[in-house]
*Asks:* 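Attaching a single structure in structure tokens format; questions to follow.
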Amino acid sequence: MIARLLAAAAVAIVLGAPPAAAHGPKQQHGGRVDAPVAVSPPPEAAASGAIEKGGLGSLPGFGGPFELVDQHGVRRTDKDFRGRFMLVMFGFTECVDVCPIELAAVSGAIDLLGDDAAHLTPIFITVDPQVDTPARLKEYLANFHQGIVGLTGTAEQLNATLKSYRAQVARLNDRSDPATGKNKFGHTSFLYLMGPDGGFRSLFLVNPSAEEIAARLRKYLAAS
């Protein structure tokens, strides 16, 4: 719940605002997360749970090149997914609320799409590279649809990816204190739909159902 509130309140869309840090610079395993300025989405966007390119005026793009490692230990870049839609989300395997709910919804949406899902790659990018090794991602994602690609990397690589997607992450506990238990992060919980050309298409702002995800994906898949 804490992660959901942080993501909803502090992680939003940059609409031509001057550069600033919403939470201040955050240390992540020696890497730095420079947060973009956080502003609230337009009321109509928040109500519909969606922002779509061109649908609400001029919006900045999301996404960009990345070079990470998947759950099988294979180096993957954004170019590997050209010609297919990508549905990108950020999270971590020790998350107890937002991440498993969203991954279950994405898994359900893939099932609902049937054969059309062959044109889509769902991608789960960790914000906790120290814990989320390829082996850990493989074990965790086995609980969800087999088509989901998990990605990890160095703090620097992940920081660059977070920045290009205008996503934020903040540690909510101190790993050095054993009493804190599992890792806790507040992080962007949006779903980013990227097109076959790698460009931004649509953004799910609130926790959507499998049916909602599938319905919007069908529209884009049919038009491609």
*Asks:* Restricting to non-hydrogen atoms, name the atom on Asp78 and the atom on Arg82 that form the minimum distance, rounded to 0.1 Å.
*Replies:* OD2-NH2, 2.8 Å

*Asks:* Just by distance, do the side chain of Arg201 and the backbone of Gly199 share a donor-acceptor pair under 3.5 Å?
*Replies:*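 Here the side-chain-to-backbone pair exists.
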
*Asks:* Given side chains that start at C-beta, do those of Ile125 and Leu68 come closer than 4.5 Å, heavy atoms only?
*Replies:* yes

*Asks:* Check Thr152 against Pro134 and note the closest heavy-atom contact, atom names and distance.
*Replies:*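 In this case the closest contact between Thr152 and Pro134 is CG2-CD, 3.8 Å.
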
*Asks:* With rounding to the nearest 0.5 Å, note down the distance linking CG in Asp97 to NZ in Lys184.
*Replies:* 10.0 Å

*Asks:* Quick one, Thr93 with Leu137, criterion side chain to side chain contact (heavy atoms under 4.5 Å, CB included). Give me CA distance, side-chain angles, the key distance, then yes/no.
*Replies:* CA-CA 7 Å; Thr93 63; Leu137 283 173; 3.9 Å; yes

*Asks:* Tell me if the centroids of the rings in Phe190 and Phe204 come within less than 6.0 Å of each other.
*Replies:* no

*Asks:* Would you name the heavy atoms of Cys95 and Pro100 that are closest together and state the gap between them?
*Replies:*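 Closest pair (atom of Cys95, atom of Pro100, distance): O-CD, 3.7 Å.
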
*Asks:* Have a look at Phe124 and tell me which of Glu102, Met89, Gln71 forms a side-chain contact (heavy atoms from CB on, under 4.5 Å) with it.
*Replies:*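 For Phe124, the side-chain contact (heavy atoms from CB on, under 4.5 Å) test succeeds with only one of Glu102, Met89, Gln71, which is Met89.
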
*Asks:* For Pro129, is there any backbone N or O sitting under 3.5 Å from a side-chain donor or acceptor partner on Asp132?
*Replies:* no

*Asks:* Is there a path from Val69 to Met86 through hydrophobic residues (I, L, V, M, F, W, Y) whose side chains come within less than 4.5 Å of each other?
*Replies:* no

*Asks:* Roughly how far, to the nearest 0.5 Å, is CG of Leu191 from CD1 of Ile123?
*Replies:* 12.0 Å

*Asks:* As an exercise, state the distance from CG of Leu120 to CG of Leu87, rounded to the nearest 0.5 Å.
*Replies:*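 CG of Leu87 is found 6.0 Å from CG of Leu120.
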
*Asks:* Taking all heavy atoms of Gly91 and all of Cys99, pick out the closest pair and write down the distance.
*Replies:*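 Shortest heavy-atom separation between Gly91 and Cys99 comes out as CA-SG, 3.5 Å.
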
*Asks:* Using every non-hydrogen atom in the two residues, find where Tyr220 and Ser202 come nearest and quote the distance to one decimal.
*Replies:* OH-CB, 3.7 Å

*Asks:* Applying salt bridge (charged side-chain N to carboxylate O under 4.0 Å, His left out), name anything that partners Glu139, two or more places apart in sequence or on another chain.
*Replies:*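 Here the qualifying residues are Arg136.
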
*Asks:* State which residues pass salt bridge (charged side-chain N to carboxylate O under 4.0 Å, His left out) with Arg218; sequence neighbours excluded, sorted by chain then number.
*Replies:*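 Salt bridge (charged side-chain N to carboxylate O under 4.0 Å, His left out) list for Arg218, sorted by chain: empty.
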
*Asks:* Taking all atoms of both residues into account, what is the closest heavy-atom pair of Arg216 and Leu203, and its distance?
*Replies:*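 Reported closest heavy-atom pair: NH1-O, 3.6 Å.
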
*Asks:* Is there side-chain contact between Ile101 and Asn207, with heavy atoms separated by less than 4.5 Å?
*Replies:*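 A side-chain contact under 4.5 Å exists here.
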
*Asks:* Is there side-chain contact between Leu151 and Phe66, with heavy atoms separated by less than 4.5 Å?
*Replies:* yes

*Asks:* Answer with yes or no whether the hydrophobic clustering places Phe92 together with Tyr192; edges join I, L, V, M, F, W, Y residues whose side-chain heavy atoms lie under 4.5 Å apart.
*Replies:*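 Looking at the clustering, Tyr192 is in the same group as Phe92.
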
*Asks:* Ion pair present between Arg84 and Asp80, side-chain N to carboxylate O less than 4.0 angstrom?
*Replies:*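 Result for this pair is no, no salt bridge flagged.
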
*Asks:* Are Phe81 and Phe85 an aromatic pair by the rule of ring centers under 6.0 Å?
*Replies:*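 Between Phe85 and Phe81, which both carry aromatic rings, the centre distance is not below 6.0 Å.
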
*Asks:* Which side-chain N or O atoms in residues 103-114 pair as donor and acceptor under 3.5 Å with protein atoms at least two apart or in another chain?
*Replies:*
| residue | atom | partner | partner atom | Å |
| --- | --- | --- | --- | --- |
| Ser107 | OG | Leu103 | O | 2.8 |
| Ser107 | OG | His145 | N | 3.0 |

*Asks:* Is the distance from the ring center of Tyr165 to that of Phe90 below 6.0 Å?
*Replies:* yes

